[in-house]
There are 2 protein chains.
Amino acid sequence: MTNLETTAPKSKDPKTHSLKEMIIGLIIEHLDTEEKLPPEKELMRRFGVSRTTLREALSAFESNGIIVSRQGSGRYVQIPNISKQIVDTWSIVIQSKPSMLLELLEIRSILEINSLPKAMERINTDQLQYLGLQVEIMKSKAAKGEPFVKEDRQFHKTLFTSTNNIFLEQLLTTFWDLFEESEINKKHNDLMEVAFQHEKMLEAFAKQDLPLLSQLFQEQFSDARYQIMKSLVNS
Amino acid sequence: MTNLETTAPKSKDPKTHSLKEMIIGLIIEHLDTEEKLPPEKELMRRFGVSRTTLREALSAFESNGIIVSRQGSGRYVQIPNISKQIVDTWSIVIQSKPSMLLELLEIRSILEINSLPKAMERINTDQLQYLGLQVEIMKSKAAKGEPFVKEDRQFHKTLFTSTNNIFLEQLLTTFWDLFEESEINKKHNDLMEVAFQHEKMLEAFAKQDLPLLSQLFQEQFSDARYQIMKSLVNS
DNA sequence: TACCATTTGTCCGTATGTATC
DNA sequence: AGATACATACGGACAAATGGT
């Protein structure tokens with residue numbers, strides 16, 4: 001058993017603080033099992049607060065995503081997803097400063113490229129086959145002049161999911177969300193080239209050619225950088 | 001099921017949705033100037049909602065940190081800090097699954113090591129001098145057997161701040177916060193060695209010896225990984 | 001110093017709508 | 001269809017911090 005101490009009472013505000021603390025305790029209790037939390041009525045009684053007070057305290061955790069409530073059913077605990085929180089606020093910031101997208105791309109490229117070795121060694125045939133499917137869809141859509149953001153995203157997501165790093169996956173998902181929301185590089189000049197780029201990546205993957213794969217990723221990020229800068233100039 | 005546009009809320013409940021929208025508009029308006037927002041009374045009137053409703057809508061933005069309210073003064077808009085949001089939730093998760101720290105360290109090491117080239121080319125003499133000061137403090141504290149988390153942190157922060165990437169800075173800050181909160185590797189076996197490690201890093205920096213610097217960082221992260229794993233075994 | 005209006009914080013109660021089981 | 005549980009909204013009251021007089 002871990003020592004769940006109810007924090008040293010060094011703060012002035014015992015009620016609010018301890019209510020928050022008690023909810024955290026409740027969360028930790030239910031985090032492993034992902035059980036349903038007790039209903040509001042029960043919690044009101046247990047903590048001795050009104051519904052408004054309780055709900056306000058809970059809402060903080062809900063906006064974080066560590067507690068999710070389903071109307072008519074109850075509240076549940078889950079591992080939080082940072083994406084939503086970050087996107088909610090930073091999409092607003094980016095509206096004011098679009099050049100921030102370059103900073104994000106910089107981080108994304110570092111993380112993806114450095115994840116390639118691990119992704120390459122851990123990927124399995126099913127995933128490889130799935131990547132092949134995505135590439136085929138890309139090519140067919142490109143031929144029809146349709147964009148294929150979803151497939152592009154799935155392709156990358158499949159790669160970095162195989163690193164088995166939850167935080168990394170969430171972080172990269174966040175970047176995709178922010179880019180999509182910003183609606184920059186919505187339409188790429190040469191869809192077919194992008195599709196082929198991914199086909200080459202897949203081949204490099206199949207051949208376990210890490211240097212080539214890295215280079216292809218580098219090129220792709222260069223291209224993305226260019227697209228963003230072009231958009232920035234136009235606005 | 002897959003009914004797109006699950007609800008057409010416009011006829012029923014335009015208020016909630018547009019209330020959020022209006023607040024976002026308010027935020028964007030004030031994001032550049034960092035002015036004070038209108039008081040609740042004014043917003044209640046302007047948006048035509050009750051205080052409870054208004055406050056609940058605002059609280060979502062407050063928990064994100066893009067709005068901060070000061071009792072007795074008012075509400076202010078600021079560029080949000082992802083650190084707080086992430087730490088709030090993930091420190092809880094880490095309490096349940098401490099092994100997650102290894103994943104975080106993995107990301108942190110990738111980001112820091114890949115930031116070294118840029119940091120090296122952009123660092124100035126003032127910063128270099130500041131790093132030297134930190135190292136001296138580290139050594140003197142190590143001699144007395146005192147830990148020097150703050151100086152260690154300042155050392156690294158100075159490096160990656162010089163990359164001028166706000167998001168990166170916030171991310172790395174987040175990791176430090178999470179590690180500190182987890183209270184793992186609080187006490188290192190050999191403080192003096194850590195201090196010397198940083199001294200060597202500083203020398204490599206001064207000599208612009210990137211390969212050596214990278215190697216030193218690698219070693220440092222290896223050591224950190226070992227410290228974490230040791231802590232994991234003990235619990 | 002002290003008082004004051006302003007502004008946010010906290011808390012309570014109630015009512016009605018809506019989704020789930 | 002009914003009971004349960006959460007969503008949304010309104011109203012009021014008092015406390016606490018701030019900023020200015």
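Lettering follows sequence order; numbering is per chain, from 1.
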Where at least one partner belongs to residues 77-91 of chain A, residue pairs that pass salt bridge (charged side-chain N to carboxylate O under 4.0 Å, His left out), sequence neighbours excluded: A/K84-A/D88

Rounded distance (Å) that lies between atom [atom2] of [N] and atom [atom1] of [X]:
X: B/I67; N: C/dT7; atom1: CD1; atom2: C1'; value: 15 Å
X: A/L19; N: C/dC12; atom1: CG; atom2: C1'; value: 15 Å
X: A/E40; N: C/dA15; atom1: CD; atom2: P; value: 17 Å
X: B/R70; N: D/dG19; atom1: CZ; atom2: C1'; value: 12 Å
X: A/K41; N: D/dT4; atom1: NZ; atom2: C1'; value: 8 Å

Looking only at non-hydrogen atoms, find the nearest pair between A/Q85 and A/N81 and report the distance.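 Minimum heavy-atom contact is NE2-O, 3.7 Å.
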
Can any side-chain N or O of A/E40 pair as donor or acceptor with the backbone N or O of A/R55 at less than 3.5 Å? no

Pair A/T173-A/S83, side-chain donor/acceptor within less than 3.5 Å: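 The answer is no; no qualifying pair exists.
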
I'd like to know if the side chain of A/E112 pairs up with that of A/H156 as donor and acceptor (distance under 3.5 Å, no hydrogens or angles considered).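 Yes, a side-chain donor-acceptor pair sits under 3.5 Å.
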
Can you see whether B/F221 has B/R108 sitting over its ring - NZ or CZ less than 6.0 Å from the centre and within 45° of the normal?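 Relative to the ring axis of B/F221, which defines the angle, B/R108 lies outside at least one limit.
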
Look at the side chain of A/Q71 and the base of C/dT18, then say whether one donor and one acceptor between them are separated by less than 3.5 Å. yes

With a cut-off of less than 4.0 Å, is there a side-chain N or O of A/R75 near OP1 or OP2 of D/dA7?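 Yes, such a contact exists.
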
Considering just the side-chain nitrogens and oxygens of A/S69, establish if one lies under 4.0 Å of OP1 or OP2 belonging to D/dA7. yes

Which ones in residues 43-66 of chain A lie close to DNA chain D, meaning a heavy atom under 4.0 Å from one of its atoms?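 The answer is A/R51, A/R55.
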
